[in-house]
Colleague: 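Let me begin by handing over the structure; questions about it come next.
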Amino acid sequence: MSALEVDALIDDPGTRVVVCCGSGGVGKTTTAAAIAVRAAERGRDTVVLTIDPARRLAQALGLAELGNVPREVAVPGFAPKGSLSAMMLDMRRTFDDMVLAHAGPKRAEEVLANPFYRTISSSFSGTQEYMAMEKLGQLAADGTWDLIVVDTPPSRSALDFLDAPRRLSTALDGRMIKLLTGPARAGGWGLRKVVSAGFGLFAKAVSAIVGGQMLADASAFVQAFDGMFGGFRERAQRTYELLRSDGTAFLVVAAPEPDALREASFFVERLAEESVPLAGLVVNRTHPALAKLPAAKALGAADSLAARGDAPLAAAVLRLHADRVALAQRERRLVSRFTKAHPGVALAHVPAMAADVHDLAGLREIGDRLAGA
Ligand SMILES: Nc1ncnc2c1ncn2[C@@H]1O[C@H](COP(=O)(O)OP(=O)(O)OP(=O)(O)O)[C@@H](O)[C@H]1O
Ligand SMILES: [Mg+2]
């Protein structure tokens, strides 16, 4: 097992994209923000793309309003050697912008006004994953920043996120278009067949729309959308290639818990299958023992204090310490199970802070721990 060299990673001008992924609630957004702050303070011109950051974290980054473009972080006490811009992903706006970029103005207007589009653009499974990647593609193409740090949506399944570019690309290829444009000619039967066959991409959206208007809207949508598919697919493919390039580093974030580490394993394997460069695993919210005193000794001491009816507070602290030592051991065991299965994966440990991380000081502290400082 080796230590994850976070500073070497973010100082390397060859590192252009850092993607923080992992299962829900493990600290992806926090890690992404902390890395971005650290990189900016160490001299990189950095942009961080966050997804649903906690309100207070957003405020700490000066992201009070939802915009769909990066803004330079200008908050008191922050004067980085490089620079930091931050943005929150607005899924719907990103989708709209994509339509505007690929369709002529008249066609774009039709698409944007279509109820079917309005539903799929905000609810079909994978939209958020795909839009995050679309935005990454845009930020990379923009060329303003030399490091892009990307947070990812809380995909229940690791596959959702990695699959997004390709799934969209496949879904949008000719076969799907034919199936969907069928209904206009065949009186709607084709679409119903698609729906009942359970095509994942549209099924959810379609089932969310009830009423006879549905098929008409869907057909009109597909007709208006037709012709834009090529551009979409090309972009999805480019972003997918960017993810696999040498300048990209994935960080898998996990909690030191069985489920999270199992998902992390799955992620690591999947990234390897896709030849996506993995920088390492961040084990977030660990509980290292705070003192060297062994648990058995602490418990023995607590017992003898209790027997004498002495110093109840000290006895309680000793017992707490024993619990904490047991927890630390359990976490170490879980992590070593992971490293046995994936010996090549570098690790960083970030302890659980006393409170949620929602300000610059907290992000800096997380950054220090990530870097092993
Ligand atoms: N090391 C830590 N110590 C204390 N609190 C932490 C730590 N890491 C993250 N948190 C807190 O845990 C909560 C969840 O973190 P975060 O939002 O980064 O997770 P996430 O993986 O992005 O979640 P989601 O999957 O919902 O997007 C936040 O309130 C954050 O402040
Ligand atoms: Mg998050």
Side-chain angles (χ1 to χ4, degrees), residues 4 6 18-38 47-61 63 66 75 86-91 94 125-133 135-136 148-162 164 250-268 279-290 324 327-328 331-332 334-335 347-373:
L4 174 60
V6 166
V18 173
V19 182
C20 298
C21 59
S23 45
V26 292
K28 298 177 294 296
T29 303
T30 306
T31 303
I35 285 189
V37 166
R38 191 171 184 90
V47 60
V48 59
L49 167 59
T50 64
I51 294 166
D52 283 340
R55 199 183 175 75
R56 294 180 68 185
L57 177 65
Q59 281 166 349
L61 293 173
L63 290 172
L66 203 79
V75 292
M87 65 168 287
M88 288 189 264
L89 180 74
D90 181 332
M91 184 170 86
T94 304
S125 76
T127 305
Q128 206 174 30
E129 285 78 6
Y130 180 73
M131 288 308 135
M133 291 303 105
K135 202 72 208 180
L136 165 61
I148 305 172
V149 184
V150 187
D151 175 23
T152 56
S155 301
R156 207 185 53 71
S157 157
L159 293 170
D160 285 358
F161 164 68
L162 262 185
F250 272 72
L251 287 175
V252 176
V253 184
E257 281 151 22
D259 288 352
L261 283 167
R262 241 193 315 275
E263 277 209 62
S265 275
F266 182 53
F267 237 109
V268 164
L281 175 76
V282 174
V283 187
N284 187 32
R285 296 191 126 170
T286 62
H287 300 85
L290 300 171
R324 175 96 183 202
L327 180 58
E331 291 179 352
R332 268 206 307 276
L334 288 168
V335 172
L347 290 189
H349 291 89
V350 177
M353 305 291 160
D356 275 0
V357 182
H358 51 66
D359 58 11
L360 213 51
L363 291 175
R364 284 189 182 122
E365 168 130 36
I366 297 277
D368 284 345
R369 300 315 184 99
L370 277 167

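Quick note: residue numbers are just sequence positions, from 1. Atoms within a ligand are numbered from 1 in the order they appear, just like the ligands themselves.
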Colleague: Tell me whether T29 has at least one N, O or S atom under 2.8 Å from the Mg ion (ligand 2).
Modeller: yes
Colleague: Between D151 and T29, do the side chains contain an N or O donor and an N or O acceptor separated by less than 3.5 Å?
Modeller: yes
Colleague: When you measure from the heavy atoms of D52 to every atom of ligand 1, does any distance fall below 4.0 Å?
Modeller: no
Colleague: With no hydrogens and no angle check, is any side-chain donor or acceptor of K28 less than 3.5 Å from a backbone partner on S23?
Modeller: yes
Colleague: Under 3.5 Å between any N/O of V350 and any N/O of ligand 1: does that happen in this structure?
Modeller: no
Colleague: Can you measure from CG (D90) to CE (M131) and round to the nearest 0.5 angstrom?
Modeller: 11.0 Å
Colleague: Is there a polar contact between ligand 1 and V357, counting only N or O atoms under 3.5 Å apart?
Modeller: yes
Colleague: How far does CG of L370 sit from CG of N284, to the nearest 0.5 angstrom?
Modeller: 7.5 Å
Colleague: Quick test of your reading of the model: are R38 and D368 salt-bridged, counting only N-O distances below 4.0 Å?
Modeller: yes
Colleague: Give a yes/no on ligand 1: does A352 have at least one heavy atom closer than 4.0 angstrom to it?
Modeller: yes
Colleague: Counting heavy atoms only, name the option from T50, V26, T30, T152 that's nearest to atom 15 (O) of ligand 1.
Modeller: T30
Colleague: What atoms of ligand 1 come within less than 4.0 Å of a heavy atom belonging to G24?
Modeller: 25 (O)
Colleague: Drop me the distance from M87's CE to T50's OG1, to the nearest 0.5 angstrom.
Modeller: 7.5 Å
Colleague: Return yes or no for this condition: an N or O of G27 is under 3.5 Å from an N or O of ligand 1.
Modeller: yes
Colleague: Would you say R285's side chain and P351's backbone share a donor-acceptor pair under 3.5 angstrom?
Modeller: no
Colleague: Give the single entry among G25, A355, A254, S23 that approaches atom 23 (O) of ligand 1 most closely by any heavy atom.
Modeller: G25
Colleague: Could you see which bit of V253 sits under 4.0 Å from ligand 1, with heavy atoms only: side chain, backbone, both or neither?
Modeller: neither
Colleague: Test of understanding: given a 4.0 Å heavy-atom threshold, classify the contact between T31 and ligand 1 as side chain, backbone, both, or neither.
Modeller: neither
Colleague: Would you mind reporting whether V282 and V6 have side-chain heavy atoms less than 4.5 Å apart?
Modeller: no
Colleague: How does P351 reach ligand 1, if at all, at less than 4.0 Å between non-hydrogen atoms: by side chain, backbone, both, or neither?
Modeller: backbone
Colleague: Determine, considering heavy atoms only, which of R369, E365, H349, R285 sits nearest to atom 2 (C) of ligand 1.
Modeller: R285
Colleague: Given the rule in the side-chain contact (heavy atoms from CB on, under 4.5 Å) test, do E263 and V26 qualify, once you have shown the distances and angles that lead to the verdict?
Modeller: CA-CA 11 Å; E263 277 209 62; V26 292; over 6 Å; no
Colleague: Which residue from T29, N284, L57 reaches closest to atom 8 (N) of ligand 1 through any of its heavy atoms?
Modeller: N284
